[in-house]
Every structure is written in C-alpha cells, then in structure tokens.
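Computation of the quantities below employed the complete heavy-atom set of this structure, encompassing side-chain atoms and omitting hydrogens, waters and symmetry-equivalent molecules. Order of the sequence lines sets the chain letters (A, B, ...), proteins ahead of strands, with each chain counted from 1.
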Protein chains: 2
Amino acid sequence: MDTSQLLKGVLDLAVLAVLKDEDGYGYDVLRRLRHGGMDEVGDASVYGTLRRLYRAGYLTSYVVPSDEGPHRKYYGMNDAGRERLVESEKAWRAFAETLDGILRKGAAA
Amino acid sequence: MDTSQLLKGVLDLAVLAVLKDEDGYGYDVLRRLRHGGMDEVGDASVYGTLRRLYRAGYLTSYVVPSDEGPHRKYYGMNDAGRERLVESEKAWRAFAETLDGILRKGAAA
DNA sequence: CGCGGTAGTGCGCAATGCGCAATAGTGTCC
DNA sequence: GGACACTATTGCGCATTGCGCACTACCGCG
C-alpha cells in the first residue's frame, strides 16, 4: 500500500499541529511526526512543507547554531499560521466525515 | 480553502465504495459522490479515476446505449476491486486515526 | 581518517485532481 | 429550425505536492 497520496494536503496540517505548542526545527519536526505514527513520511517532504508554509507566511523562522552539529533552522507559528491550523483542521474533519458517510452507505441514495 | 488536495489518494476509495453495491456509469458515479457530500469533485477527476481503476484491473466495464442521451459506460466491481476497497478503507482509517492523534497531542511527547 | 548521526538544500520525478475544449445525443423553448 | 441546456465521455496540459537521491556540512567516536 502506498500511503503517500493520503498525505497530500494533510502534511501541512500535521506540521502546523506539531508546531502549535512549541517551535521546532526541521529534523525535529520530522521526528515528532514519525513518533506520532507517520512512520513513512520522507524528510524532504517535511523540509519542503516547512519552507512552503514559511514562504506562504504561516511560519516564522530563525537559525540557531548548535554546539553539537550543524545549525538548526527553527520554525514557529504566527497568527496567520494559527488561523490556518484552525481552518485546516476544520476542513479535515468535515472531509473525513464526508468520506466516512460515503463509505458507510455505498451507492445507497 | 482548497479541498482538492485532500482528495488525493482517496478518490479511488470513494469511487470504489460507491460502486460496491451497484454498477454505475461515470456521470452517475459523479452524482453519487456529489450527493454524498463531495460537492466540489470535478467530472474529469471521476472519469479519470474510473479509467485508472479499470486499467489497473479493479473494475469491469461495459457500454450500454441509452434511449435518452449518449451511451453510458458502466463500471462494476470484480474480486480485485473488492479486495482493494477493503484494503484502502483499512489504510484510510488507520491514517485518519494517526492524524487525529497528532492533532490531539500537538508537540507533546 | 572514515563512519554514523544530525541538519539542511536542491533537483527532477511521479501521481493525481482540475479546468477546458471537443464530440455527441436528446429534449425544450422561442 | 435554431439556440440552448442536460446528459455522457474523452483528451490535453497544468499545478500541487510528496519522494528519492545527491550533496554539503558539522560533530564525536573508534
């Protein structure tokens, strides 16, 4: 099974959710998602999503040098991001409910 | 909001679900989905999905001329399709649960 | 010094939903 | 009879987005 297509349009939401309470850098966000059950999510996808969300104005960004490795690019939420999270979550729940409805009733009118 | 990305990888599932109990032709499948709440699904997407599923061996197909309009291309499930439906549904539920989990706990360990 | 883990960027690909145009049959309204 | 709307399908090209892979780079360990 290829779950990668299921991620489309939802990875944004997952990344925002994971950054809601605490800023994080790419590699860390990746770990949070994997730890949250999204085992197969690719690193490039997460980095790309973070960049995309940042470009779109949903995230703030600052670089922090690290003593024990390469620099880390932290991302944090701003108001637009928080709003986006709420809306995306709403859209997700509505969509999931719609699909569940279709799965339940099949072709029935 | 753009829900089109949420559809990715799930339209297959929805189409299979809608064909589970009763054969249907493209335009009709489209109506079933719209009626089921997927208001914004595009016609080309449904036709494309049906062709794709047929090519992949999950559906049977037969053409029926109609008295009141152009011919209709009916699609029906075969065993592979039914199996695929079950698996996709399982994958969907697992995925939805995973995402819900991430949404609930945010960055929390 | 090489290797593995950490951390990020860039490139090109593949999948898939969508808009739009074209074709085509039927019925309706003027 | 002609314009239009609804039904029904196909094909084309586009945009989005997740992914694999390669590359850079920093650190500590053996």
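Following rounding to the nearest Å, R55(A) (CZ) and dT16(D) (C1') show an atom-to-atom distance of 12 Å. For the pair R51(B) CZ and dA8(D) P, the interatomic distance rounds to 16 Å; values are reported in whole Å. Taking atom CG of L30(A) as the reference point, atom C1' of dG18(D) lies 13 Å away to the nearest angstrom. One atom, CD of E68(A), and another, P of dC29(D), lie 11 Å apart when rounded to the nearest Å. Atom pair Y62(B):OH and dA8(D):P shows a separation of 14 Å (rounding to whole Å applied). Distance NZ (K73(A)) to P (dC26(D)): 16 Å, rounded to an integer number of Å. Between the CG atom of D28(B) and the P atom of dA8(D) there is a distance of 8 Å, given to the nearest Å. Counting to the nearest Å, the C1' atom of dT17(D) and the CZ atom of R52(A) are 6 Å from each other.
No donor-acceptor pair under 3.5 Å is formed between the side chain of D43(A) and the backbone N or O of Y27(A). Remark: side-chain polar atoms of R32(B) are paired, donor with acceptor, to backbone N or O of V18(B) under 3.5 angstrom. No donor-acceptor pair under 3.5 Å is formed between the side chain of T98(A) and the backbone N or O of M38(B).
Listed pair S45(A) / dC19(D) meets the phosphate criterion, a side-chain N or O lying under 4.0 Å from OP1 or OP2. An OP1 or OP2 oxygen of dT7(D) is reached within less than 4.0 angstrom by no side-chain nitrogen or oxygen of R72(B).
Residues D12(B) and R84(B) are paired through a salt bridge, judged by an N-O separation under 4.0 Å between the basic side chain and the carboxylate. R104(B) and D100(B) are not joined by a salt bridge, as no carboxylate oxygen comes within less than 4.0 angstrom of a charged side-chain nitrogen.
Between S66(A) and G9(B), the residue anchored nearer the 5' end of DNA chain C, judged by the nucleotide with its closest heavy atom, is S66(A). Nearer the 5' end of DNA chain C, as judged by each residue's closest nucleotide, is the contact made by D43(B), out of G69(B) and D43(B). Map V46(A) and R31(B) each onto its nearest nucleotide of DNA chain D; the residue landing nearer the 5' end is R31(B).
The CD atom of E83(B) sits 12.0 Å away from atom CG of L16(B), with the distance rounded to the nearest 0.5 Å.
If you check every strand for non-hydrogen atoms under 4.0 Å, D67(B) touches sugar and phosphate atoms only. Residue contacts shown for T49(B) are limited to sugar-phosphate atoms, with no base heavy atom under 4.0 Å away.
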The test is salt bridge (Lys or Arg N to Asp or Glu O under 4.0 Å); show your working for E97(B) and R93(B) and say whether it passes. CA-CA 6 Å; E97(B) 212 166 311; R93(B) 296 210 187 283; over 6 Å; no

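Interface remark: the K8(A) side chain does form a donor-acceptor pair with the dT17(D) base, using a distance-only criterion of under 3.5 Å.
Protein chain B touches strand DNA chain C; the 5'-most and 3'-most nucleotides with an atom under 4.0 angstrom of its non-hydrogen atoms are dT16(C) to dT26(C).
The side chain of V41(A) lies closest to dC19(D), out of dC19(D), dT7(D), dG18(D).
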